[in-house]
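Data first, discussion second: the structure below is written as structure tokens.
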Amino acid sequence: MTRPYVFITRKLKEELFAPLMEVADVKMWDSESEPVPREMLMKEAEKATALLTMLSDKVDEELLESAPNLKVVANLAVGYDNIDVMAASERGVTVCNTPDVLTETTADLTFALMLATARRITESQEFVKEGRWQSWSPYLLAGADVHHKTIGIVGMGKIGQAVARRAKGFGMEILYHNRSRHFEAEQELGAAYRSFEQLLEQSDFVVCLTPLTNATRHLFNDSAFKRMKDSAFFINVGRGQVVNEEALIAALHQNEIAGAGLDVFYEEPIGADHPLLRLPQVVAIPHIGSASVETRTAMMKLCRDNIVAVLQGNRAKTIVK
């Protein structure tokens with residue numbers, strides 16, 4: 001009997017995949033940082049029973065059409081906008097993601113990014129490293145307080161709730177906007193629901209954690225940034241294409257908002273010559289929301305376990321709805 005064939009699109013820790021190697025032949029792309037070329041992914045998909053993919057790997061109609069043996073796609077992320085879930089479902093292909101295991105880690109990063117942006121941490125670090133710290137003055141690199149301010153969370157899922165718990169510890173007023181009311185968060189966290197427009201107008205920190213959908217694409221546009229306070233900060237740890245970057249750049253140039261902390265971008269990786277990177281009030285980091293050793297390892301194990309489950313005829317733990 002032919003063993004199942006699994007293709008993993010990045011070089012991951014091989015020792016984590018011993019249980020998978022017991023039930024399938026496994027091949028890994030040989031780079032940790034470079035995405036697998038599309039042509040190779042297509043070629044591997046033709047014979048694969050399972051794929052373990054990254055957000056940079058497009059699993060679309062074309063690929064699925066050429067993958068007659070494919071049973072499961074395990075995405076190493078919570079998001080899955082790189083996968084045509086409907087097309088996969090029509091072909092009986094199970095699509096899995098990695099929710100829950102990265103919730104607290106991503107919330108840590110979100111809050112750290114908010115603090116770094118408000119308190120000008122990266123700007124201050126460069127100031128010292130470049131030898132420009134020659135004296136002291138009362139407003140030298142003075143930023144904005146975070147404690148007892150108002151945070152507006154757009155996307156009150158599990159990560160949004162975890163961010164709200166941290167905000168509560170800072171004595172912040174918590175506002176949120178979601179496609180539906182989250183009464184449990186309101187009761188447990190004291191979060192108050194607002195329309196999107198109200199949240200923009202009332203928040204000192206607007207934190208974007210919403211997934212990318214047709215409804216949220218370019219949600220943060222020229223009109224949205226004009227509604228924000230000129231003292232407010234925009235933090236995005238959701239998806240880059242939720243933001244119209246030209247509108248964000250204009251808002252920053254025109255001082256319509258005070259600054260931005262960005263973990264995600266419209267196109268990734270962002271180029272070193274991108275206009276956002278020339279602005280001192282922007283803190284830019286390379287999509288590391290869930291990037292702790294513990295969490296990334298847990299995500300890999302969950303992908304592995306989902307694939308093993310499907311190959312053995314069982315239900316995967318975290319199937320995308």
Side-chain angles (χ1 to χ4, degrees), residues 1-32 35-106 157-159 211 290-321:
M1 184 177 175
T2 305
R3 278 162 62 88
Y5 178 70
V6 180
F7 182 63
I8 300 173
T9 66
R10 290 292 169 96
K11 184 174 179 60
L12 306 178
K13 289 185 176 181
E14 288 191 20
E15 60 269 25
L16 297 178
F17 293 91
L20 180 57
M21 292 173 182
E22 291 177 6
V23 300
D25 294 329
V26 179
K27 180 180 177 181
M28 262 183 215
W29 173 235
D30 61 4
S31 174
E32 184 179 338
V36 62
R38 173 70 175 180
E39 308 78 53
M40 179 170 283
L41 179 57
M42 290 290 293
K43 185 177 179 180
E44 295 293 340
E46 289 176 6
K47 54 185 177 180
T49 319
L51 294 173
L52 195 162
T53 55
M54 313 295 129
L55 277 172
S56 55
D57 303 316
K58 199 167 184 63
V59 181
D60 54 10
E61 181 94 34
E62 179 191 28
L63 184 143
L64 292 163
E65 187 67 35
S66 67
N69 302 316
L70 194 61
K71 291 184 178 180
V72 55
V73 177
N75 214 38
L76 192 76
V78 171
Y80 46 86
D81 43 89
N82 58 311
I83 301 173
D84 188 333
V85 177
M86 185 175 293
S89 180
E90 289 171 354
R91 290 169 173 79
V93 177
T94 300
V95 177
C96 308
N97 62 345
T98 58
D100 303 333
V101 294
L102 51 67
T103 296
E104 298 297 334
T105 300
T106 306
K158 291 181 179 179
I159 297 172
S290 61
S292 72
V293 172
E294 299 94 331
T295 293
R296 287 286 167 86
T297 300
M299 291 167 69
M300 292 173 197
K301 288 179 178 179
L302 181 53
C303 285
R304 175 201 69 194
D305 293 346
N306 278 329
I307 292 173
V308 169
V310 173
L311 295 184
Q312 294 182 333
N314 301 317
R315 180 178 172 83
K317 294 180 179 180
T318 53
I319 299 174
V320 169
K321 298 291 189 283

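By convention here, the first residue in the shown sequence is residue 1.
In terms of heavy-atom proximity, Gln312 sits nearest to Val23 at NE2-CG1, 3.6 Å. Leu64 approaches Ala88 most closely through the heavy-atom pair CD1-N, 3.6 Å. Contact detail for Leu311 and Ala24: the closest heavy-atom pair is CD1-CB, 4.0 Å. The minimum heavy-atom distance linking Ala291 with Thr105 is given by the pair N-CG2, 4.4 Å. For Thr49 against Pro4, the heavy-atom pair with the smallest separation is OG1-CA, 3.5 Å. The heavy-atom pair separating Val101 from Ala298 by the smallest distance is CB-CB, 4.3 Å.
Looking only at distances, no side-chain donor or acceptor of Arg10 sits under 3.5 Å from a matching main-chain atom of Met54. Judged by distance alone, the side chain of Asn306 and the main-chain N or O of Lys317 form a donor-acceptor pair under 3.5 Å.
One distance of note links CG of Leu51 with CG of Leu63; it measures 6.5 Å at 0.5 Å rounding. To the nearest 0.5 Å, atoms OG (Ser89) and CG (Asp84) are separated by 10.0 Å. Atom SG of residue Cys303 and atom CG of residue Leu20 lie 11.0 Å apart, to the nearest 0.5 angstrom. Here Glu22 contributes atom CD and Phe17 contributes atom CZ; the two are 14.0 Å apart, rounded to the nearest 0.5 Å. Here Met42 contributes atom CE and Glu65 contributes atom CD; the two are 9.5 Å apart, rounded to the nearest 0.5 Å. Going from atom CE of Met300 over to atom CZ of Arg296 covers 7.5 Å, rounded to the nearest 0.5 Å.
Side-chain contact between Val72 and Cys96 is present, with at least one heavy-atom pair separated by less than 4.5 Å. Put simply, the side chain of Pro211 does not reach to within 4.5 Å of the side chain of Tyr80, judged on heavy atoms. No side-chain heavy atom of Pro99 sits less than 4.5 Å from a side-chain heavy atom of Lys158.
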Take Leu12 and Ile8 through the side-chain contact (heavy atoms from CB on, under 4.5 Å) test and state the conclusion after the steps.
CA-CA 8 Å; Leu12 306 178; Ile8 300 173; 3.7 Å; yes
Run the side-chain contact (heavy atoms from CB on, under 4.5 Å) check on Asn75 and Val320 step by step: do they pass?
CA-CA 10 Å; Asn75 214 38; Val320 169; over 6 Å; no
Determine, step by step, whether Arg91 and Glu61 satisfy the side-chain contact (heavy atoms from CB on, under 4.5 Å) criterion, reporting the C-alpha distance in whole Å, the side-chain angles of both residues, the deciding distance to 0.1 Å, and the verdict.
CA-CA 10 Å; Arg91 290 169 173 79; Glu61 181 94 34; 2.6 Å; yes
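Here the options are Leu70, Val26, Val36, Leu52, the test is side chain to side chain contact (heavy atoms under 4.5 Å, CB included), and the partner is Phe7; only Val36 passes. If you run side chain to side chain contact (heavy atoms under 4.5 Å, CB included) between Leu302 and each of Ile307, Thr98, Leu102, Thr297, only Thr98 comes through.
At a threshold of 4.0 Å, the pair Arg38-Asp60 counts as salt-bridged, since one of the basic side-chain nitrogens sits closer than that to a carboxylate oxygen.
With sequence neighbours excluded, the residues forming a side chain to side chain donor-acceptor pair (under 3.5 Å) with Lys27 are Glu44, listed by chain and number. With sequence neighbours excluded, no residue satisfies salt bridge (Lys or Arg N to Asp or Glu O under 4.0 Å) with Lys58.
Counted within 6.0 Å of CD on Glu46, heavy atoms from surrounding residues, nucleotides or ligands total more than 12; the atom is thus considered enclosed.
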